Amino acid sequence: MQKFEYIWLDGYTPEPSLRSKVKVTDESNAPDWSFDGSSTQQAEGGASDCLLIPATTYPGPCNSDFLVMCEVQTGSHEVHPSNTRAAAAAAASDEWWFGFEQEYFFTNSDGSPLGWEDGEPRPQGDYYCGVGATNVKGREISEAHMDACLQAGIQITGTNAEVALGQWEYQCFGKGVKAGDDLWVSRYLLYLIAEEFDVGVTIHPKPKTGDWNGSGMHSNFSNEEMRTAGSESLFTSMCEKLGAVHEQGIASYGSDNDMRLTGLHETQSIDTFSFGVSDRGASIRIPIYTVEHNWNGYLEDRRPASNADPYKVIAHIVSTLS
Ligand code: MG
């Protein structure tokens with residue numbers, strides 16, 4: 001018998017939450033399944049069945065043999081309104097590569113960040129990439145999470161303690177819509193593993209107001225032309241295209257992002273679009289890597305919030321630039 005842990009996005013707004021349940025079966029591949037959509041804001045009680053359609057299967061690094069990222073369909077096999085994956089899958093072929101920089105805070109049971117039990121800690125300065133018990137909180141959880149993702153075959157390319165105490169980042173690389181699957185499953189594993197430590201996770205973009213960094217999900221991306229046949233005019237025109245639909249982008253990049261995109265703390269204001277080489281105060285940064293490689297490389301969209309749905313980010317960027 002095998003244990004398949006089905007994972008899906010529920011119908012909550014503005015951002016969905018992750019849900020899961022386990023199927024034990026002697027089948028070798030994960031079959032389609034169903035769940036009670038009336039308990040996840042995805043159906044009415046009188047017609048509550050929603051369908052789980054397996055999209056991507058991973059080796060299970062924790063208790064299950066496999067993790068199964070699913071798309072949700074209605075009981076009549078239509079794409080469910082909550083299913084943002086379908087649009088991303090239709091837009092993005094595997095020539096589109098994404099590197100998501102997921103920032104988040106670990107939290108105590110009262111919602112305060114880990115390390116903030118006795119009130120506000122010392123001002124920011126020592127915590128970013130810090131070491132030592134007074135500078136870093138939650139490293140053991142971050143490391144367990146990274147190892148679990150790697151065991152699942154998710155390409156985590158790095159992790160670091162972030163600017164605020166209790167804040168962390170990891171970077172997650174993928175191609176096409178699977179980049180979105182991998183990021184969602186990496187988030188699932190983050191919640192799951194922190195749960196074992198009795199610690200919470202918040203991906204809200206601004207858990208603490210004041211002179212504290214918020215959390216983003218800087219989204220690095222490229223396609224074949226950008227990587228191998230790039231030019232200054234290509235990269236400039238791509239930035240301009242994204243700038244022309246800035247408001248649509250912001251609408252796809254997570255709620256409460258106005259609390260984070262203030263123009264301070266290495267962000268551009270949410271009402272302004274700008275791009276520039278090496279500019280961490282811009283909406284889109286053209287990395288020096290790209291310029292030094294004769295304009296072959298990638299772009300970094302710095303606008304997505306830490307709570308953004310990567311499927312929406314993928315769909316917005318690819319549909320704007322294709
Ligand atoms: Mg960061």
Side-chain angles (χ1 to χ4, degrees), residues 97-107 113-116 121 123-131 135-139 141-143 145-146 149 154-174 179 182-184 186-187 189-190 194 201-222 249-250 253-254 256-270 274-290 297-310 313 317:
W97 297 1
F98 294 90
F100 295 115
E101 305 176 22
Q102 176 72 63
E103 295 179 334
Y104 63 94
F105 283 78
F106 289 123
T107 59
L114 210 58
W116 296 49
Q124 293 182 164
D126 294 332
Y127 309 128
Y128 172 73
C129 298
V131 65
N135 293 332
V136 172
K137 299 292 177 187
R139 187 191 301 277
I141 315 173
S142 165
E143 290 181 345
H145 169 253
M146 177 170 56
C149 286
I154 293 170
Q155 233 176 306
I156 301 294
T157 60
T159 183
N160 59 271
E162 264 302 339
V163 174
L165 185 64
Q167 188 185 30
W168 286 83
E169 170 179 318
Y170 62 89
Q171 301 101 34
C172 189
F173 172 81
D182 290 0
L183 198 276
W184 273 118
S186 76
R187 284 179 180 173
L189 288 170
L190 183 62
V201 172
T202 179
I203 59 171
H204 188 275
K206 195 75 175 183
K208 285 291 172 186
T209 54
D211 202 13
W212 298 100
N213 273 43
S215 298
M217 190 176 74
H218 298 157
S219 300
N220 303 277
F221 63 92
S222 65
I250 291 297
Y253 284 177
D256 289 336
N257 208 7
D258 55 315
M259 297 173 68
R260 163 183 166 260
L261 295 180
T262 58
L264 302 173
H265 302 109
E266 302 174 44
T267 70
Q268 176 56 283
S269 162
I270 196 166
S274 66
F275 62 93
V277 174
S278 280
D279 188 353
R280 285 182 161 74
S283 312
I284 295 184
R285 177 176 66 99
I286 302 171
I288 193 72
Y289 172 95
T290 297
Y298 64 99
L299 286 171
E300 178 193 39
D301 193 335
R302 298 177 61 79
R303 297 171 294 168
S306 45
N307 59 357
D309 175 349
V313 175
I317 289 173

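This one's a predicted model, so the numbers in the text were calculated from it and none came from an experiment. Whatever order the structure lists ligands and atoms in, that order sets their numbers, starting from 1.
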Student: What protein N/O/S atoms sit under 2.8 Å from the Mg ion (ligand 1), by chain and number?
Tutor: E103 OE2, E162 OE2, E169 OE1

Student: With sequence neighbours excluded, give me every salt bridge (charged side-chain N to carboxylate O under 4.0 Å, His left out) pair touching residues 279-289.
Tutor: R285-E300

Student: Please name all residues satisfying salt bridge (charged side-chain N to carboxylate O under 4.0 Å, His left out) with D182, sequence neighbours left out, ordered by chain then number.
Tutor: K178

Student: Which value, rounded to the nearest 0.5 Å, describes the distance between E101 atom CD and N220 atom CG?
Tutor: 5.0 Å

Student: Could I get the full list of side chain to side chain donor-acceptor pair (under 3.5 Å) partners for Y253, not counting sequence neighbours?
Tutor: D301

Student: So, N213 and Q124: side-chain donor and acceptor under 3.5 Å apart, yes or no?
Tutor: yes

Student: Is it the case that atom CG in D258 sees more than 12 heavy atoms from other parts of the structure closer than 6.0 Å?
Tutor: yes

